[in-house]
Amino acid sequence: QIGDTGGPGDAKKMVLIPGVAAEPFYISMECGFREAASAAGYAVDVQAPAKFDATQQTPIVTGVLADKPGAVLIAPTDDKAMAGPMRQLKDAGIKVVEVDTKLEDTSIASSTISSDNEQGGRLAARTLAELVGGKAGSVLVLNTKAGTSTTDARAAGFEEEIGKHPNLRYVGQQYTDNEPDQAASKVTATLSANPDLIGVFATNLNTGEGAATGLRNAGRTGAVNLVGFDASPKQVEDLRGGAVQALIAQDPTTIGRTGVEQAIAALEGEPVRRDVETDLVALTKADLEANSKYFYKQRC
Amino acid sequence: MKPRAGLRRLAGANTLWIAVVLLVLIAVFGALRPDAVLTVFTVQTTLVETSVLLVLSVGMTYVVVTAGIDLSVGSVLVFSGVTSAMAMNALHGGDATTAGWGVVLVGLLVALVSGAAWGLVNGLLIARTGLPPLIVTLGSFGAALGAGQLISDGSNVAGVPDVLSDTLGTGTWFGVPNLVLVAAAVTAVGALVLGATAFGRHTYAIGSNEEAARRAGIPVTRHLVRVYLLAGVLAGLAGFMALAYFRVASITGHDTDNLNAIAAVVLGGTSLFGGAGSVVGTVLGVFIPAVLRKGFVIVGVNVYWQPIAVALVLVAAVWFDQSRRKARDRR
Amino acid sequence: MKPRAGLRRLAGANTLWIAVVLLVLIAVFGALRPDAVLTVFTVQTTLVETSVLLVLSVGMTYVVVTAGIDLSVGSVLVFSGVTSAMAMNALHGGDATTAGWGVVLVGLLVALVSGAAWGLVNGLLIARTGLPPLIVTLGSFGAALGAGQLISDGSNVAGVPDVLSDTLGTGTWFGVPNLVLVAAAVTAVGALVLGATAFGRHTYAIGSNEEAARRAGIPVTRHLVRVYLLAGVLAGLAGFMALAYFRVASITGHDTDNLNAIAAVVLGGTSLFGGAGSVVGTVLGVFIPAVLRKGFVIVGVNVYWQPIAVALVLVAAVWFDQSRRKARDRR
Amino acid sequence: MALPLLDARELVKHYGNVEALRGASFTAHAGEVVALVGDNGAGKSTLVKCLSGVARPDSGTILFDGAPVALDSPVSARELGIETVYQDLAVAPDLDPAANLFLGRELRRPGLLGRLGVLDKREMRRRAVASFHELGVTLPDVDVPIGALSGGQRQSVAVARSVVWASRLVFMDEPTAALGVVQRERVLDVIRRVRDQGMAVVLISHNMPEVLAVADRVEVLRLGRRVARFDAAATTVEELVGAMTGALTQEDA
Amino acid sequence: MALPLLDARELVKHYGNVEALRGASFTAHAGEVVALVGDNGAGKSTLVKCLSGVARPDSGTILFDGAPVALDSPVSARELGIETVYQDLAVAPDLDPAANLFLGRELRRPGLLGRLGVLDKREMRRRAVASFHELGVTLPDVDVPIGALSGGQRQSVAVARSVVWASRLVFMDEPTAALGVVQRERVLDVIRRVRDQGMAVVLISHNMPEVLAVADRVEVLRLGRRVARFDAAATTVEELVGAMTGALTQEDA
Ligand SMILES: Nc1ncnc2c1ncn2[C@@H]1O[C@H](COP(=O)(O)OP(=O)(O)OP(=O)(O)O)[C@@H](O)[C@H]1O
Ligand SMILES: Nc1ncnc2c1ncn2[C@@H]1O[C@H](COP(=O)(O)OP(=O)(O)OP(=O)(O)O)[C@@H](O)[C@H]1O
Ligand SMILES: [Mg+2]
Ligand SMILES: [Mg+2]
């Protein structure tokens with residue numbers, strides 16, 4: 001079997017492998033990670049794939065493995081495909097901590113710090129129902145690409161929960177290839193076909209931005225309730241400005257910080273908490289300022 | 001005789017049959033959901049949503065007519081949007097949302113210059129050193145995106161002036177969205193320059209036989225630089241239009257713009273081997289997939305069937321167009 | 001005289017200078033991090049991670065030599081992986097994880113047949129009707145992905161037999177990963193067939209002048225069908241290899257496989273206009289970007305700089321290769 | 001007169017608005033060199049393309065050995081033993097002369113390798129060099145792609161190709177246009193030798209002295225129609241030019 | 001003798017291993033037709049390419065009007081008043097004959113539109129039709145892309161191109177190879193007329209009677225080197241062929 005890596009590495013080094021580069025969610029996680037790890041005296045490195053995708057994350061994992069840090073914090077982009085490379089990390093004596101997403105195989109990571117995406121989808125449905133009040137109408141889910149595990153889980157949770165609200169007619173989900181212009185186009189097309197559209201759940205940043213644009217273009221901003229996922233500065237700005245009516249926010253900074261704590265515990269032989277759940281909150285314009293700690297960061 | 005000659009000229013136009021395909025598509029969707037398809041709203045939004053791609057595709061038409069290819073347009077769009085938004089923010093204390101027209105104009109200039117810079121790099125490398133356009137623009141595809149991420153620290157840039165997004169982004173003029181007006185103007189100028197000027201003629205000549213063009217004294221190197229420059233400037237303009245439309249400079253979500261633009265150009269009858277093609281064809285090539293995607297959502301086709309249906313109609317459209325054209329040539 | 005003639009033949013090989021580029025890259029990274037780069041592990045993983053792309057690129061080389069293009073390979077890979085995994089699961093009560101070799105063989109067959117089916121569709125449409133390869137394979141790019149999603153209901157398919165993933169996926173043979181052996185065998189056969197057989201000769205002839213090939217009595221239509229069929233079968237094999245390696249049929253993450261394969265082919269000296277090229281060049285064209293990406297991760301280059309650096313090295317490599325080749329021709 | 005080897009009647013071929021052939025007829029007998037002459041644009045090349053399976057006439061009949069044939073592809077012409085030197089040569093510019101000579105009929109290695117399709121490049125090269133030598137062509141380097149050869153060298157390769165493979169009929173569309181004085185004589189010798197082997201040779205040329213020197217019969221095409229037929233021994237350049245330009249017409253052509 | 005218009009000395013040009021020119025010299029005077037003859041592959045086309053800025057010689061000097069010039073691009077040759085008919089024609093097959101005739105020198109509309117680069121297609125077409133008429137070319141349809149024309153028609157367009165634009169010197173590399181009898185005579189007439197206007201015409205041809213009919217002087221190239229010069233009035237076909245094949249050499253060529 002592949003994977004004999006030879007000599008020892010640098011135990012005082014920690015690497016974060018996010019799911020994808022350049023997303024405020026992971027940047028915020030990186031902030032928490034850098035802060036906590038540096039404070040504990042570790043050298044840090046961050047290596048992100050250009051896409052949220054196992055085929056791009058795998059070479060990064062094996063590249064990091066060649067470098068032999070003490071611990072790796074990783075957001076696996078596929079709950080099965082990443083098992084092989086991550087097991088190699090473990091076999092090489094590197095402590096593995098899962099952040100945000102997790103593998104199906106629970107024997108590899110020392111600890112998992114995550115927020116439940118399906119739970120987030122359910123929260124989005126409840127929030128939307130509240131925003132709508134008793135009014136009747138159609139609701140749409142804008143998803144990214146078929147097969148993207150995180151956003152599929154959000155959509156699945158939403159679909160399950162929205163069924164409990166008989167006044168809301170679920171017209172199904174549309175895929176957007178994670179492109180804002182397709183999201184905008186699919187929102188306006190849905191508006192043409194279903195003029196009673198009353199709510200849209202956009203499962204990530206790009207779909208949210210596209211949906212907001214489509215609604216604005218249609219002159220239906222606010223009339224159609226838009227619930228987004230994540231709380232990047234632009235999204236918070238849109239929430240404040242009324243382009244978006246609610247956001248489901250995770251707590252990436254805490255995820256990153258907790259991940260470092262658990263990794264250090266594992267490295268130093270202290271007791272490790274196998275599973276840590278972090279908060280998910282629904283932000284609306286009303287309670288926005290009170291929840292500012294959940295806002296994501298563009299840079300640390 | 002006069003009207004018949006006109007009719008014959010029309011039937012002889014290379015774009016006639018692909019235009020027929022587009023009209024048939026619209027008619028079919030219109031018949032299926034007359035209440036939803038043939039409304040001012042649907043027409044307006046469809047036009048707006050294709051404006052940015054149309055501007056990219058006009059530039060791509062020139063490139064493909066020279067037998068080149070430009071994979072970098074989507075990344076250049078991103079780069080230009082980022083630099084433009086950041087410049088506007090910097091000029092207005094970090095958040096340009098309330099900035100005025102002066103700042104917007106500077107933003108436009110920055111977007112165009114950013115696009116031009118990448119176009120110039122592409123053009124110089126391709127024309128001067130003779131490197132394959134695919135490799136050069138694949139390189140700038142990666143590099144422009146990386147540079148955009150580097151400048152913006154990897155995240156979307158907000159703070160687009162309201163005056164910009166309210167006028168160019170969502171404003172209309174006698175019911176026609178302003179974005180559409182801009183795209184239409186670019187297309188009209190692009191079509192005229194390619195079809196009626198010496199610049200266009202030289203573009204065709206280079207694509208048809210580069211060596212013959214060089215021997216005829218056409219400054220091939222300079223001309224190629226200008227064509228890629230044009231594609232870059234138009235990508236910069238497209239980035240600025242996207243900025244006005246989305247009110248944010250997105251980093252992600254433009255990785256297939258290049259293929260979409262190339263597909264529109266080829267669908268419109270321009271050969272990848274250069275020498276022939278037209279901007280009018282490209283317009284049709286932009287609208288056919290856009291109408292299809294929109295129509296399938298409106299009539300409620302299953303999400304997994306949508307890409308399959310789009311693929312089938314695209315291939316069938318080109319097939320029909322080609323067999324009609326052949327029949328004409330055989331007449 | 002003999003050794004000098006051999007030397008001259010070597011220096012005359014079209015692939016020499018791009019091979020020099022690859023060696024220089026490895027040397028540079030090796031000098032920067034000798035402890036991490038020149039280890040068995042790094043070599044093994046780099047080879048394994050390029051195996052799938054290499055198999056796709058061998059098929060793409062044939063297509064590009066005929067002056068065609070195949071944008072569908074990534075989607076066909078996905079489709080074949082999905083059908084293969086679902087077939088194996090169906091044969092073994094819904095979860096093939098513990099299934100034996102019989103089931104694995106059926107899975108391989110299903111993957112190859114799935115790939116062949118799409119290749120045949122591409123080939124027939126392109127060769128029989130003369131539609132542009134870009135449009136046809138753009139269509140199957142969308143359609144194969146959509147079909148894969150339709151079959152798998154939009155999610156990744158798990159349940160890959162352990163015997164498959166432990167042997168083909170991660171097993172080694174005298175230290176050489178089995179996946180690498182498969183890719184190497186495909187490459188060797190591909191190189192020999194293209195370089196030494198009538199099939200290869202006809203492939204070059206069609207790319208060089210399709211009309212001349214037809215007039216010379218080469219069955220151009222049938223040959224083109226076979227070339228796209230080959231690309232499809234190899235995409236199916238690649239899908240099966242990816243299944244073994246990742247233990248899951250992933251339906252995302254292959255939308256740029258087509259561009260990566262085309263870039264490898266062009267980087268290796270094959271012209272998009274057909275008629276010339278070699279599989280050996282393609283191998284180098286696959287490894288240069290792979291080595292770069294890996295090396296940048298190991299030496300710890302900033303993520304945003306990585307695409308820029310890759311772009312710079314790619315363009316520089318082709319530039320160097322081309323200017324050396326020109327110098328040789330001018331001798 | 002014996003049954004003609006090839007007898008084409010009333011061929012019509014349109015390209016868009018252009019009528020390239022307007023009812024052209026043409027006859028060739030085994031063992032004769034028949035010259036096909038006519039002004040630029042008269043339709044000679046189009047006729048050759050129709051008779052060698054490259055273009056499909058819109059109407060008309062083609063008899064080969066007295067039986068009607070459908071020449072719907074170059075392969076079907078080849079199977080009848082017809083080879084052609086096209087005016088545009090139709091070579092693969094990226095391949096070397098030997099590869100072009102054997103294009104579509106590659107020699108394979110003996111034994112298993114050959115059955116697997118492996119080429120015998122050495123033997124093809126050897127035979128190619130011999131063929132070129134016979135035509136008086138000197139190639140500076142036989143391994144260079146044919147696109148880099150001089151115009152005359154390239155034309156010689158195309159001529160060699162056709163005479164090596166033909167068994168019944170050879171069409172030669174301006175085979176000597178780019179040839180030097182020596183090479184032209186060699187090609188004319190080859191044409192005579194091929195004729196003497198019992199094949200029919202159809203020669204298209206604008207060089208009237210050359211036509212009269214080598215042809216047994218001459219057929220004249222004008223505006224897509226056969227306007228005259230001559231016995232080469234009994235005609236003159238003036239007569240031929242008269243027929244080509246329309247100054248002279250024969251009723252029964 | 002007056003100062004030659006063009007005087008090329010000891011040009012050397014390699015293509016890879018092939019030596020196309022091995023110290024070739026060439027002279028042309030204003031007001032004369034000089035024929036450049038030689039066997040296939042002798043280097044005639046390569047010499048023309050070197051003298052019209054398309055290829056760059058590895059060594060050697062070129063004097064134009066007595067002054068050394070660097071012909072590093074077709075544009076610099078054009079600026080000296082040199083035009084060329086290339087053997088491979090070098091036309092844009094997708095463009096129509098008029099567009100090819102005016103390629104690189106398009107006529108513009110008068111006024112503002114013209115300054116914006118708008119073409120005067122009607123006028124270009126009119127003038128193109130006139131030029132073709134003069135050369136005796138009949139085109140079935142002037143709006144068809146040149147790639148669809150017959151070989152002779154295409155060659156006529158290239159010839160028309162060169163004589164319309166030249167002011168000092170015209171190179172013609174086998175301009176009559178594909179032409180019909182009538183068109184060939186017209187082109188030879190044009191060559192004489194151009195010469196009488198005081199330009200130099202360099203004619204490459206493998207047709208020796210044609211060469212002797214129109215040329216004032218003949219220079220012979222063999223294996224990349226000038227081996228003989230003749231006064232056309234005082235030489236014979238036999239002498240020319242002897243020089244081309246190496247049977248006859250002149251010491252001082
Ligand atoms: N593909 C085509 N499309 C349109 N017109 C064509 C095409 N091919 C030939 N023609 C026209 O048909 C006519 C006959 O052409 P053809 O090539 O047969 O002439 P030819 O007798 O061989 O002339 P040449 O002596 O110049 O070779 C010409 O007027 C030509 O322009
Ligand atoms: N690009 C090239 N690469 C390699 N060899 C070349 C190239 N161009 C020409 N040659 C060689 O140089 C020699 C001279 O070629 P050139 O075309 O000048 O001959 P020519 O005298 O014009 O012959 P022809 O009468 O057949 O036109 C030939 O042997 C030819 O094969
Ligand atoms: Mg002809
Ligand atoms: Mg020549």
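For clarity, every value in this text was computed on a predicted model and none was experimentally measured. Note on naming: letters A, B, ... go to the chains in the order of the sequence lines (proteins, then strands), and numbering restarts at 1 for each one.
- Of the listed residues Gly104(D), Gly117(D), Pro145(D), Ser52(D), the one with more heavy-atom pairs under 4.5 angstrom with chain C than any other is Gly117(D).
- A salt bridge links Arg215(C) with Asp88(D): at least one charged nitrogen is closer than 4.0 Å to a carboxylate oxygen.
- Closest non-hydrogen pair, Tyr204(C) versus Gly277(C), comes out as OH-O, 2.5 Å.
- Note on Arg105(D) versus Glu83(D): salt bridge recorded, some NZ/NE/NH1/NH2 to OD/OE distance being below 4.0 Å.
- Neither the backbone nor the side chain of Arg109(D) comes within less than 4.5 Å of any heavy atom of chain C.
- Between Trp17(C) and Phe320(C), the two ring planes are perpendicular [angle over 60°; tilted spans 30° to 60°].
- Chain C forms more heavy-atom pairs under 4.5 Å with one residue of Val91(D), Thr84(D), Val75(D) than with any other, namely Val91(D).
- Of the listed residues (Leu103(D), Leu95(D), Leu116(D)), the greatest number of heavy-atom pairs within a distance under 4.5 Å of chain C belongs to Leu103(D).
- The pair Asp143(D)-Arg125(D) meets the salt-bridge criterion, with a side-chain N (NZ, NE, NH1 or NH2) lying under 4.0 Å from an Asp/Glu carboxylate O.
- With a threshold of 4.5 angstrom between heavy atoms, Leu107(D) does not approach chain C through any atom at all.
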